Amino acid sequence: MSSKVVIVGGGVIGSSIAYFLRLSDPTVSVTVIERDPTYARSSSALSAASIRQQFSTPLSIQMSLFGIEFLRSIGERLEVDGTRPSIDLHEGGYLFLATPAGVATLRENHALQKSLGADISLLDKHALQTRFPWLNTEDLAAGAYGESGEGWFDGYGLVQALRKKAQALGARYIAADVTALQRDGRRITQVQTANGETYACDMVVNAAGAWARKVAQMIGVDLPVYARRRSIFNVTSPGRLEHCPLLIDPSGVYFRPEGNSFICGTSPSADNDPDDLPLDEVDHALFDDVIWPTLANRVPQFEALRVQNCWSGYYEYNVLDQNAIIGPHPDIDNCIFANGFSGHGLQQGPATGRGISELILHGRYTTLDLGALSFMRVLENRPIVEKNVV
Ligand SMILES: Cc1cc2nc3c(=O)[nH]c(=O)nc-3n(C[C@H](O)[C@H](O)[C@H](O)COP(=O)(O)OP(=O)(O)OC[C@H]3O[C@@H](n4cnc5c(N)ncnc54)[C@H](O)[C@@H]3O)c2cc1C
């Protein structure tokens with residue numbers, strides 16, 4: 001067991017790890033070094049904050065099944081001094097739509113999701129029309145809908161609740177920028193911050209989100225995780241869409257309700273997705289050329305939508321396979337990576353925190369085995385192919 005754990009980054013991943021570590025072993029010293037306690041640029045605060053079980057790989061489904069269990073019970077789990085946090089969880093479901101070309105994959109994914117206990121229904125075209133009369137189903141063959149266990153919540157609220165609970169359990173948060181990790185052979189000996197402080201460590205966790213590649217470089221590790229900007233648009237539309245879920249169009253464009261309005265977005269094409277674009281700008285052309293026309297085709301009343309607000313955040317994008325990299329690097333004995341969640345890290349935060357605390361405290365996973373997400377698969381170039389990347 002490690003006695004001094006230093007976590008670089010206090011977003012959902014770092015804070016979840018800190019919480020589970022202190023919950024499981026109050027003797028372990030946990031220091032989280034987070035340079036921006038306002039989380040203004042952190043992905044956890046800028047995300048679409050949604051959760052689904054509609055993945056195509058068993059581990060992602062299982063991680064999100066634990067995610068929803070955790071979110072449903074967040075009040076009891078993260079209560080501090082009699083105050084129970086609320087993250088406004090709406091189990092409004094995801095609706096993945098498929099054209100005839102996509103039906104076989106939709107069915108295959110659905111069978112896997114059901115076999116693992118996810119509450120997903122397969123809807124034919126007629127059922128889609130009946131349940132969602134506002135939807136243009138002309139080119140569609142089927143959809144997969146989360147009857148429960150999928151939806152959206154307050155992502156910033158989740159980070160704050162994890163952080164406060166971790167602190168209440170004894171984790172220490174330091175507001176500082178980590179600028180160096182001293183490595184001596186197979187070990188990291190100390191963590192250094194911009195203000196000249198140093199922190200001794202038995203174990204270091206890289207939970208630096210879209211900046212994790214830079215932290216890995218401090219110890220000579222090439223982590224294939226890059227900051228890829230994604231913009232979200234908050235829009236209003238006249239009229240209501242009854243029982244509106246988080247809808248994923250076959251094109252990849254998504255939208256979901258947000259109070260009385262909607263948020264929507266999509267990923268840019270792979271040939272127009274450079275690293276490190278500025279976060280104070282949004283991709284208006286993507287909205288005008290791709291998102292709006294797609295929405296107006298799928299839901300005719302979106303022809304008249306209006307943009308109220310927009311913002312950008314970074315996907316911590318794992319260029320190998322857009323799945324998380326979780327666990328140690330084979331060349332370093334006391335460093336664990338928890339990076340590259342590529343658009344689904346908020347919902348995987350609880351399962352990651354639990355898994356990494358097990359790894360640190362017991363040397364192995366004792367609940368859900370996250371071994372498939374190891375760094376070795378990156379080094380051996382064994383991508384995990386996820387068909388439902390959003
Ligand atoms: C537009 C958008 C939509 C998304 N939608 C969803 C969704 O619907 N569902 C979902 O599950 N996920 C979604 N995600 C992804 C999700 O937000 C991220 O995967 C998740 O928040 C990653 O958490 P993190 O803790 O690793 O990163 P962050 O929240 O970015 O936290 C990392 C922290 O590390 C700190 N840091 C970095 N370097 C240093 C350093 N050197 N010293 C000190 N501190 C440092 C940063 O300040 C930051 O606060 C979305 C992301 C975006 C951008």
Side-chain angles (χ1 to χ4, degrees), residues 6-18 31-52 55 60 63-64 67-68 71 94 150-153 155-156 158-160 162-163 173-181 191-195 199 204-218 225 227-233 246 248 254 256 258 263-267 277 279 282-283 310-318 322-326 337-353 356 389-390:
V6 177
I7 301 171
V8 184
V12 72
I13 299 298
S15 292
S16 179
I17 297 166
T31 302
V32 182
I33 308 184
E34 166 55 60
R35 65 181 166 209
D36 178 14
T38 73
Y39 295 102
R41 292 164 58 80
S42 310
S43 305
S44 302
L46 297 166
S47 113
S50 305
I51 178 165
R52 58 178 160 128
F55 291 95
S60 285
M63 288 176 84
S64 281
I68 191 69
L71 296 184
Y94 269 62
E150 296 189 321
W152 47 94
F153 54 95
Y156 178 73
L158 174 62
V159 180
Q160 287 297 340
L162 282 166
R163 179 183 167 119
Y173 276 68
I174 308 283
D177 194 8
V178 171
T179 48
L181 302 176
V191 178
Q192 215 170 300
T193 56
N195 55 9
Y199 298 86
V204 174
V205 181
N206 181 351
W211 301 272
R213 183 172 170 75
K214 290 194 184 101
V215 174
Q217 279 166 348
M218 294 174 193
V225 172
R228 297 276 171 91
R229 191 178 69 188
R230 296 291 180 267
S231 302
I232 294 185
F233 299 85
L246 191 157
I248 313 277
Y254 71 86
R256 70 157 172 83
E258 173 75 5
I263 60 170
C264 57
T266 196
S267 292
L277 288 175
L279 277 189
V282 295
D283 193 345
C310 46
W311 69 89
S312 295
Y314 287 132
Y315 270 17
E316 344 80 82
Y317 195 88
N318 171 4
Q322 291 104 72
N323 279 301
I325 300 168
I326 297 179
F337 295 79
N339 310 116
F341 292 84
S342 313
H344 39 275
L346 214 53
Q347 62 198 284
Q348 294 190 339
T352 302
I356 288 185
V389 170
V390 176

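It should be emphasised that the depicted structure is a prediction, and the values quoted were computed from it without experimental measurement. Atoms within each ligand, like the ligands themselves, are counted from 1 in listed order.
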Considering only heavy atoms, which of [options] lies nearest to [atom]?
atom	options	value
atom 13 (C) of ligand 1	S16, A45, G349, G343	G343
atom 11 (O) of ligand 1	Q348, Q347, K214	Q347
atom 50 (C) of ligand 1	S47, G14, A338	S47
atom 43 (C) of ligand 1	G11, A176, A40	A176
atom 40 (C) of ligand 1	D177, I33, L279	D177

Sidechain-backbone polar pair: [X] side chain, [Y] backbone, donor-acceptor under 3.5 Å:
X	Y	result
S16	G349	yes
Y314	R41	no
Q347	S50	yes
S342	G340	yes
R256	A48	yes
T31	V6	no

Heavy-atom side-chain proximity of W311 to I263 below 4.5 angstrom: yes
Are W152 and L346 packed together at the side-chain level, in the sense that at least one heavy-atom pair is separated by less than 4.5 angstrom? no
Give me the residue, atom name and distance of the protein heavy atom closest to [atom].
atom	result
atom 27 (O) of ligand 1	G209 CA, 3.5 Å
atom 47 (O) of ligand 1	E34 OE2, 2.7 Å
atom 41 (N) of ligand 1	V178 O, 3.0 Å
atom 21 (O) of ligand 1	S44 OG, 2.9 Å
atom 5 (N) of ligand 1	A48 N, 3.1 Å
atom 18 (C) of ligand 1	E316 OE2, 3.3 Å
atom 30 (O) of ligand 1	S43 N, 2.9 Å
atom 26 (O) of ligand 1	I13 CG1, 3.3 Å

Does [X] approach ligand 1 within less than 4.0 angstrom via side chain, backbone, both or neither, non-hydrogen atoms only?
X	answer
Y314	backbone
I51	neither
A207	backbone

Could you grab the distance from atom CD1 of I174 to atom CD1 of I7, nearest 0.5 Å is fine? 12.0 Å
With rounding to the nearest 0.5 angstrom, report the OH to CZ distance, Y315 to R228. 12.5 Å
Under 4.0 Å from a heavy atom of [X]: which atoms of ligand 1 are those, numbered in the order shown and with their elements?
X	answer
I232	1 (C)
F341	19 (O)
G9	33 (C), 34 (O), 35 (C)
G313	53 (C)

Sequence-distant partners of D177, salt bridge (Lys or Arg N to Asp or Glu O under 4.0 Å), two or more places apart: R35
Could you give me the CA-CA distance, side-chain angles and deciding distance for T193 and Y199, then say whether side-chain contact (heavy atoms from CB on, under 4.5 Å) is met? CA-CA 8 Å; T193 56; Y199 298 86; 3.8 Å; yes
I'd like to check whether [X] has a polar contact with ligand 1, where a contact means an N/O of the residue lying under 3.5 Å from an N/O of the ligand.
X	answer
Y39	no
S42	yes
R35	yes
V12	yes

Check whether the side chains of S64 and R52 place a donor and an acceptor atom closer than 3.5 Å, and report yes or no. no
Looking only at heavy atoms, what is the nearest atom pair of S312 and S231, with distance? OG-OG, 3.0 Å
